[in-house]
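Quick notes on the structure that follows.
Values reported hereafter were calculated over all heavy atoms of this structure, with side chains retained and with hydrogens, waters and symmetry mates removed. Both counts, for ligands and for their atoms, begin at 1 and track the order of listing.
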Amino acid sequence: MDVWLIILASLFACFSIKILFTLLFSSKTTKKNEPAVKGELPPGPPPLPIIGHLHLLPKSNIELRSLIFNLSQKYGPILTLRVGSKPVIFVTSYPIAHQALVKNSAIFANRPPIVPVSYVLSNKRKDIGGSPYGLTWRLLRRNLMSEALHPTGVKSYSFARKRTLETMVNSFKQCSQHEAVRLFERLHQAVFSLFILMTYGDIGEDALKEVEHIQYTFLVSYAEFSVFASWPRLGKLIYRNKWKRYTDFLRRQYDILMPYIRARQKLKQEKGKEVDLVTYTDTLLDLEISEGASNQGKLVDADVLSLSSEFINAGADTTATMFHWIMAYLVKYPRVQAKLFAEISQVVEQGAEEVKEEDLQRIPYLKAVILECLRMHPPNASLVPHTNTEDMELCGYNIPKNTTVLIGTSIIGRDPTVWENPTEFRPERMMGSSDDNSGEDVADVSSYKMLPFGAGRRMCPGYKYGTLILEYFIANLVWNFEWKAVDDVDLTEKEEFLIVMKNPVRAKVIPRIK
Ligand code: HEM
Ligand SMILES: *[C@@H]1O[C@H](CO)[C@@H](O)[C@H](O)[C@H]1NC(C)=O
Ligand SMILES: *[C@@H]1O[C@H](CO)[C@@H](O)[C@H](O)[C@H]1NC(C)=O
Ligand SMILES: *[C@@H]1O[C@H](CO)[C@@H](O)[C@H](O)[C@H]1NC(C)=O
């Protein structure tokens with residue numbers, strides 16, 4: 001997209017500067033609280049002919065967020081920008097997002113025909129996140145929730161979480177107490193190896209590293225390849241080298257992942273229903289797309305591949321990113337870390353080696369810390385794009401059917417009309433603060449006015465599982481070690497695939513004497 005932006009931007013530079021001037025300094029500003037005009041699109045800056053607001057759109061999501069934030073100060077919490085002639089709606093307040101996602105759930109659960117993330121990462125194959133609202137989506141999502149993410153499925157992998165934790169703890173025990181340890185690689189590896197195990201079974205250490213590497217490299221290359229989602233035909237012509245790298249990449253991913261899928265197939269043929277531990281891939285191999293859906297019957301190999309890859313990316317990358325942010329905050333704020341350790345000590349016997357999964361329910365402050373980090377750094381800066389299957393009224397405005405709507409999760413988490421001192425890190429604000437929830441309890445994420453996982457029919461199906469992994473790993477890392485800052489922890493954000501830490505956190509890792 002960059003080259004085209006430059007061409008268009010220079011073509012329209014004079015125009016846009018003029019327009020920006022009138023935009024910034026004109027006296028004809030729309031007042032935020034003016035009653036909405038029925039039947040109109042939400043407000044926004046005046047578009048240019050043909051290109052709409054293309055000249056305003058920045059390259060990265062972090063800049064886009066800053067632009068949308070600035071525009072929302074002027075035009076209010078729901079606004080329109082035009083990409084060419086197509087309107088795209090941006091929502092930056094919780095009540096409006098809630099009205100769309102929850103109250104209008106059934107007509108707002110669709111996805112635009114091209115969701116760049118899915119288009120690029122799954123090579124136009126089936127996945128859950130990018131599927132249109134319909135039979136196939138419902139079947140795939142139900143399969144995920146009733147098997148891999150069902151409490152029984154989750155429980156059957158508790159041994160794997162324990163083993164992964166032990167590996168991670170042991171690797172931190174090897175560190176010298178005077179060393180400044182980079183945490184990211186170890187946290188990342190723990191989370192990815194867990195999800196890969198749940199997807200392909202126990203494939204051995206080297207294979208695990210190879211799968212982790214190919215999946216992670218793909219995610220990090222997403223920005224480079226996303227041009228093929230925005231301008232599919234033109235992109236191929238202009239960026240021949242990039243296109244070649246992209247197709248090479250897909251082939252390499254196929255060559256690496258496919259043998260593990262074949263191995264599960266073989267195992268199932270040999271053992272029938274007797275496999276010890278059901279993996280996500282096994283459930284996909286069993287799946288029958290029912291009558292009425294576009295292509296019924298068994299999933300083809302390439303679809304199994306893209307769905308299993310989605311499971312690893314959607315689950316592990318988000319969870320690992322959060323894990324890194326939360327540890328950074330615990331290093332930066334020793335007060336919070338000490339309070340968390342004190343709470344864990346109330347629940348776990350002295351001398352115990354492990355905080356067990358059953359104990360987690362009794363550590364409300366742990367939940368509060370995680371929620372506060374999710375509020376301030378949701379890994380997805382905005383939800384996966386939604387679109388409406390019917391005309392819809394939102395906040396008095398008309399949203400015509402098939403409009404792309406982006407919901408700004410991270411702006412919502414820092415909305416000063418909802419959160420007092422939104423940039424301050426204060427987990428206590430999550431304790432017993434929601435209306436129906438008194439005392440020391442911390443409720444589910446859905447009872448707070450934020451949307452790190454979305455809401456409604458498209459809400460993240462993995463939010464409970466992601467939270468469980470974070471609680472279990474973090475409780476145990478804090479129980480086993482004290483994490484001491486070596487330098488000022490820099491909380492600057494960077495866009496990779498998700499919103500990650502620009503400067504990875506380093507800490508001294510000091511075993512606690514028990
Ligand atoms: C801290 C961890 C996580 C965060 C912050 C997160 C966040 C999100 C968000 C923002 C969405 C988009 C919701 C929407 O479009 O309205 C989403 C969707 C999704 N997530 Fe997660 N997620 C996390 C963990 C997981 C895990 C562990 C899984 C399990 C494999 C998972 C699987 C998915 C899938 C399949 C979708 C697509 C759902 C659909 O379109 O129907 N996520 N997640
Ligand atoms: C938003 O406004 C701030 C402060 O006025 C400015 O520094 C920033 O560059 C603006 N962002 C964009 C993308 O226009
Ligand atoms: C956001 O979250 C989901 C996983 O839960 C993921 O599939 C999706 O691709 C993410 N990333 C972006 C940039 O939207
Ligand atoms: C909305 O999108 C669907 C699927 O892409 C298409 O079949 C339909 O014609 C579109 N409707 C309008 C009003 O554009």
Side-chain angles (χ1 to χ4, degrees), residues 20 23-24 56-74 97 100-102 105 108-111 115-122 127-133 137-138 140-145 148-149 153-154 191 194-195 198-199 219 222-223 226 280 307-326 370-371 373-375 377-387 405-410 413 445 450-471 495-500:
L20 271 180
L23 220 167
L24 291 171
L56 288 180
L57 296 186
K59 247 173 46 176
S60 82
N61 275 321
I62 289 188
E63 286 165 321
L64 180 63
R65 180 180 64 187
S66 157
L67 172 74
I68 297 302
F69 178 78
N70 290 0
L71 291 175
S72 71
Q73 299 295 306
K74 187 176 161 83
L101 292 165
V102 179
S105 197
F108 194 62
N110 206 9
R111 300 284 192 212
V115 176
V117 171
S118 295
Y119 193 90
V120 174
L121 293 184
S122 67
D127 66 4
I128 301 173
S131 283
Y133 184 62
W137 165 78
R138 192 168 295 127
L140 294 172
R141 185 170 162 121
R142 193 186 298 140
N143 174 62
L144 172 66
M145 297 193 69
L149 298 180
V154 167
V191 176
L194 190 54
F195 277 90
M198 290 179 74
T199 309
L219 286 169
Y222 164 74
S226 63
Y280 181 52
L307 281 156
S308 62
S309 161
E310 178 191 37
F311 184 81
I312 298 170
N313 292 344
D317 197 34
T318 46
T319 308
T321 300
M322 270 333 283
F323 195 8
H324 192 203
W325 277 116
I326 298 166
I370 295 172
L371 285 173
C373 287
L374 279 165
R375 178 184 72 77
H377 299 281
N380 296 60
S382 61
L383 301 183
V384 179
H386 282 248
T387 185
V405 181
L406 287 170
I407 301 205
T409 331
S410 65
V445 62
M450 58 184 197
L451 296 160
F453 300 104
R457 296 189 190 198
R458 285 281 183 165
M459 184 176 180
C460 176
Y463 81 100
K464 283 197 178 139
Y465 191 49
T467 311
L468 168 70
I469 294 171
L470 290 172
E471 288 180 11
E495 181 176 1
E496 203 159 66
F497 173 63
L498 302 169
I499 306 295
V500 302

>> So for Pro378, does at least one of its heavy atoms come nearer than 4.0 angstrom to any atom of ligand 1?
In response: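 No, Pro378 has no heavy atoms under 4.0 Å from ligand 1.
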
> So is Arg457 close enough to ligand 1, meaning a heavy atom under 4.0 angstrom away?
Replying inline: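 No, that is not the case, since the closest heavy atom of the residue is not under 4.0 Å from the ligand.
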
> Just which atoms of ligand 3 are under 4.0 Å from any heavy atom in Leu498?
Replying inline: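 Near Leu498, meaning under 4.0 Å from one of its heavy atoms, ligand 3 has 10 (C), 11 (N).
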
>> Could you walk me through whether His386 and Asn110 satisfy the side-chain contact (heavy atoms from CB on, under 4.5 Å) test, starting with their C-alpha distance in whole Å, then the side-chain angles of each, then the deciding distance to 0.1 Å, before giving a yes or no?
In response: CA-CA 6 Å; His386 282 248; Asn110 206 9; over 6 Å; no

>> As a test of the contact definition, would atom 7 (O) of ligand 2 count as having a protein heavy-atom neighbour under 4.0 Å?
In response: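 Protein heavy atom within 4.0 Å of atom 7 (O) of ligand 2: absent.
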
Looking only at protein heavy atoms, identify the closest one to [atom] and say how far it is in Å.
{"atom": "atom 13 (C) of ligand 1", "value": "Arg458 O, 3.4 Å"}
{"atom": "atom 13 (C) of ligand 3", "value": "Phe497 O, 3.7 Å"}
{"atom": "atom 38 (C) of ligand 1", "value": "Arg141 NH1, 3.5 Å"}
{"atom": "atom 5 (O) of ligand 2", "value": "Asn70 ND2, 4.7 Å"}
{"atom": "atom 9 (O) of ligand 3", "value": "Val117 CG1, 3.0 Å"}
{"atom": "atom 12 (C) of ligand 1", "value": "Val384 CG2, 3.8 Å"}
{"atom": "atom 1 (C) of ligand 3", "value": "Asn380 ND2, 1.5 Å"}
{"atom": "atom 10 (C) of ligand 1", "value": "Pro452 O, 3.3 Å"}

> Does ligand 2 have an atom under 4.0 Å from some heavy atom of Pro58?
Replying inline: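 No, Pro58 has no heavy atoms under 4.0 Å from ligand 2.
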
> Sub-3.5 Å donor-acceptor pair from the side chain of Glu310 to the main-chain atoms of Gly129, do we have one?
Replying inline: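 Checking the backbone N and O of Gly129 against the side chain of Glu310, a donor-acceptor pair under 3.5 Å is found.
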
Report the distance from atom [atom1] of [X] to atom [atom2] of [Y], rounding to the nearest 0.5 Å.
{"X": "Glu63", "Y": "Ile68", "atom1": "CD", "atom2": "CD1", "value": "12.5 Å"}
{"X": "Arg138", "Y": "Arg457", "atom1": "CZ", "atom2": "CZ", "value": "7.5 Å"}
{"X": "Leu194", "Y": "Thr319", "atom1": "CG", "atom2": "OG1", "value": "9.0 Å"}
{"X": "Asp317", "Y": "Leu121", "atom1": "CG", "atom2": "CG", "value": "9.5 Å"}

>> Ignoring hydrogens and geometry beyond distance, is a side-chain donor-acceptor pair present between Ser118 and Asp127 at under 3.5 Å?
In response: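 On atom types as modelled, these side chains qualify, holding a pair under 3.5 Å.
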
State the atoms of ligand 1, each with its element, that fall below the 4.0 Å cut-off from a heavy-atom position in [X].
{"X": "Phe311", "answer": "30 (C)"}
{"X": "His386", "answer": "14 (C), 15 (O), 16 (O)"}
{"X": "Pro379", "answer": "5 (C)"}
{"X": "Ile128", "answer": "39 (C), 40 (O), 41 (O)"}

> Going by distance only, is there an N or O of Arg111 that falls short of 3.5 Å from an N or O of ligand 1?
Replying inline: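 Right, the criterion is met.
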
> Any side-chain heavy atom of Val117 sitting closer than 4.5 Å to one from Val384?
Replying inline: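 No - every pair of side-chain heavy atoms lies 4.5 Å or more apart.
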
>> Are Cys373 and Met322 packed together at the side-chain level, in the sense that at least one heavy-atom pair is separated by less than 4.5 angstrom?
In response: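 Contact flag for Cys373/Met322 side chains = yes.
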
>> Under the criterion side-chain contact (heavy atoms from CB on, under 4.5 Å), I'd like the reasoning laid out for Trp325 against Leu374: C-alpha separation, chi angles, the key distance, then a yes or no.
In response: CA-CA 9 Å; Trp325 277 116; Leu374 279 165; over 6 Å; no

> Is it true that the NZ or CZ of Arg458 lies under 6.0 Å from the centre of Tyr133's six-membered ring and within 45 degrees of the ring axis?
Replying inline: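 No, Arg458 and Tyr133 do not form such a contact.
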
> Should the ring pair Tyr463 and Phe453 be called parallel, tilted or perpendicular, given that the plane angle runs from 0 to 90° and is split at 30 and 60?
Replying inline: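 Correct class here is tilted.
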
>> Can you classify the ring geometry of Tyr465 versus Phe195 as parallel (below 30°), tilted (30 to 60°) or perpendicular (above 60°)?
In response: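 Because their plane-to-plane angle is over 60°, the rings of Tyr465 and Phe195 count as perpendicular.
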
> If you count the atoms of ligand 2 from 1 in the order shown, which ones are under 4.0 Å from a heavy atom of Leu67?
Replying inline: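 Per the distance check, 13 (C).
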
>> Out of all atoms in ligand 2, which are within 4.0 Å of some heavy atom of Glu63? Include the element for each.
In response: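 This gives 13 (C) as the contact atoms.
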
> Are any of the N or O atoms of Ser66 closer than 3.5 Å to those of ligand 2?
Replying inline: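 The answer is yes, given that Ser66 and ligand 2 share an N or O pair closer than 3.5 Å.
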
Exercise: identify the closest heavy-atom pair between [X] and [Y]:
{"X": "Leu383", "Y": "Leu451", "value": "CD2-O, 3.7 Å"}
{"X": "Val191", "Y": "Ala316", "value": "CG1-O, 3.6 Å"}
{"X": "Gly408", "Y": "Ser382", "value": "CA-CB, 4.1 Å"}

>> Return all protein N, O or S atoms below 2.8 Å from atom 21 (Fe) of ligand 1, chain by chain in residue order.
In response: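 Checking every protein N, O and S atom gives Cys460 SG.
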
